[in-house]
Amino acid sequence: MAEEQPPPDQIKLIHKLNLFKIKGRDKHHRKILRIIGKNFPAKSLTVDLLKKYLEVKIFPKLERPFVVVYVHTDVQKSENFPGISVLGSVYDAIPMTVKQYLEAVYFVHPDLQSRIFLATFGRLIFTGGLYAKLRFVSRLAYLWEHVKRNEIEIPEFVYDHDEDLEYRPMMDYGIESDHARVYGAPAVDSSVATYSMRCIS
């Protein structure tokens, strides 16, 4: 029996949004699945369609060790965040043959709320050891410790936000905001000094 394909118009929409992209390798030569949270059409993309798209278009390409770089920059709950329960449902739908190859999840620019929620409920929602693979990355400088910069495409708005955090550090704690953005919490995974990466190759 032929595998059911997502509707062509929805496939085009997801491709156009550049939500998922498999390209490049990290410093341990593992494939990179990049996810841009801001591009997620939470109001128009159902969880069933998302799971079918991943099943048909993404999972077959992840048959060897890989990492996920999830970019949370500018994600807002009302616009482009599907909800923790949806993410948990999608994770549960990932085949074991794929889960066994997932070795790390780099969560770029986490906001304070997501840190608190995941610290409280992450182990309950994400079974199978995913929470232990989660790495909060509050600055791109810390991401480059694990991923070569030329191996992954990062949108310009992410660099802009990174520089905002450098010069306005209180935004890390959600105390100071700018244009209703959602900002990252302070990193705990690196001791590297914060500095602008825009001019470093």
Side-chain angles (χ1 to χ4, degrees), residues 14-15 17-42 45 50 53-54 57-76 80-82 84 86-88 90-91 94 98-111 114-115 117-118 122 126 128-166 172 181-190 192 194-198 200-201:
I14 297 174
H15 279 317
L17 291 172
N18 201 24
L19 177 58
F20 302 100
K21 189 166 189 176
I22 299 175
K23 183 180 179 182
R25 296 181 181 274
D26 71 356
K27 292 185 177 180
H28 295 284
H29 307 290
R30 299 172 296 194
K31 280 187 176 182
I32 299 171
L33 168 59
R34 188 206 64 186
I35 304 173
I36 304 296
K38 182 181 178 180
N39 294 347
F40 189 87
L45 187 62
L50 175 61
Y53 178 86
L54 292 171
K57 298 295 183 180
I58 301 298
F59 295 157
K61 300 176 182 179
L62 300 174
E63 296 178 345
R64 294 187 178 183
F66 71 100
V67 300
V68 170
V69 174
Y70 167 68
V71 181
H72 193 66
T73 316
D74 282 3
V75 168
Q76 299 181 41
N80 40 33
F81 184 62
I84 294 295
V86 171
L87 296 179
V90 170
Y91 178 72
I94 300 176
V98 175
K99 283 183 181 178
Q100 67 181 348
Y101 291 122
L102 174 57
E103 298 190 348
V105 177
Y106 299 108
F107 194 125
V108 180
H109 291 158
D111 62 346
S114 62
R115 277 183 177 271
F117 188 91
L118 288 172
F126 299 112
L130 175 64
Y131 185 79
K133 300 174 183 179
L134 188 61
R135 305 289 182 268
F136 290 121
V137 183
S138 65
R139 298 291 191 278
L140 291 176
Y142 307 143
L143 181 64
W144 306 144
E145 294 180 2
H146 307 281
V147 177
K148 292 181 179 179
R149 191 179 182 189
N150 61 359
E151 289 285 328
I152 186 172
E153 295 178 14
I154 297 294
E156 189 69 17
F157 74 87
V158 181
Y159 286 103
D160 291 340
H161 178 70
D162 209 64
E163 291 194 353
D164 286 345
L165 291 175
E166 178 181 351
D172 255 340
R181 288 182 179 179
V182 178
Y183 293 102
V188 296
D189 59 343
S190 175
V192 175
T194 301
Y195 52 91
S196 173
M197 296 302 297
R198 190 180 296 272
I200 301 177
S201 59

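Model, not experiment: these values are computed from the prediction.
- Contact record, P60 with L54: CD-O, 4.1 Å, taken as the closest heavy-atom pair.
- Here the CD atom belonging to E63 is positioned 10.5 Å from the CD atom belonging to Q100, to the nearest 0.5 angstrom.
- In this structure, H15 has its ring center closer than 6.0 angstrom to the ring center of Y53.
- Here CZ of F157 is found 12.5 Å from CG of D164. Values are rounded to the nearest 0.5 Å.
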Could you walk me through whether H109 and L165 pass the side chain to side chain contact (heavy atoms under 4.5 Å, CB included) test, one step at a time? CA-CA 10 Å; H109 291 158; L165 291 175; 3.8 Å; yes
Yes or no on side chain to side chain contact (heavy atoms under 4.5 Å, CB included) for I35 and L19, after CA distance, side-chain angles and deciding distance? CA-CA 6 Å; I35 304 173; L19 177 58; 4.2 Å; yes
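- A donor-acceptor contact shorter than 3.5 Å is absent between the side chain of E151 and the backbone of D26.
- Side chain of K21 to backbone of I32: no donor-acceptor contact under 3.5 angstrom is found.
- Note: L130 CG to I94 CD1 = 7.5 Å, rounded to the nearest 0.5 Å.
- To the nearest 0.5 angstrom, L62 atom CG is 6.5 Å from K31 atom NZ.
- Listed here is the closest heavy atom pair of V137 and P110: O-CD, 3.5 Å.
- No donor-acceptor pair under 3.5 Å is formed between the side chain of K61 and the backbone N or O of I22.
- A donor-acceptor pair is defined here as one N or O able to donate and one able to accept, closer than 3.5 Å; no such pair exists between the side chain of D74 and the backbone of K38.
- The environment of NZ in K148 is sparse: at most 12 heavy-atom neighbours from other residues, nucleotides or ligands sit within 6.0 Å.
- Rounding to the nearest 0.5 angstrom, the gap separating the CG atom in D162 from the CD1 atom in I154 is 9.5 Å.
- A distance of 10.5 Å separates CG of D111 from OG1 of T73, quoted to the nearest 0.5 Å.
- With R34 contributing its side chain and E153 its backbone, the two residues share a donor-acceptor pair below 3.5 Å.
- The aromatic rings of Y70 and F107 lie perpendicular to each other, with more than 60° between the two planes, well past the 30° mark.
- Side-chain contact between V108 and Y142 is absent, with no heavy-atom pair separated by less than 4.5 Å.
- H29 and R25 get closest at one heavy-atom pair: O-NH1, 3.1 Å.
- Every salt bridge (Lys or Arg N to Asp or Glu O under 4.0 Å) that E103 has, sequence neighbours left out, goes to R30.
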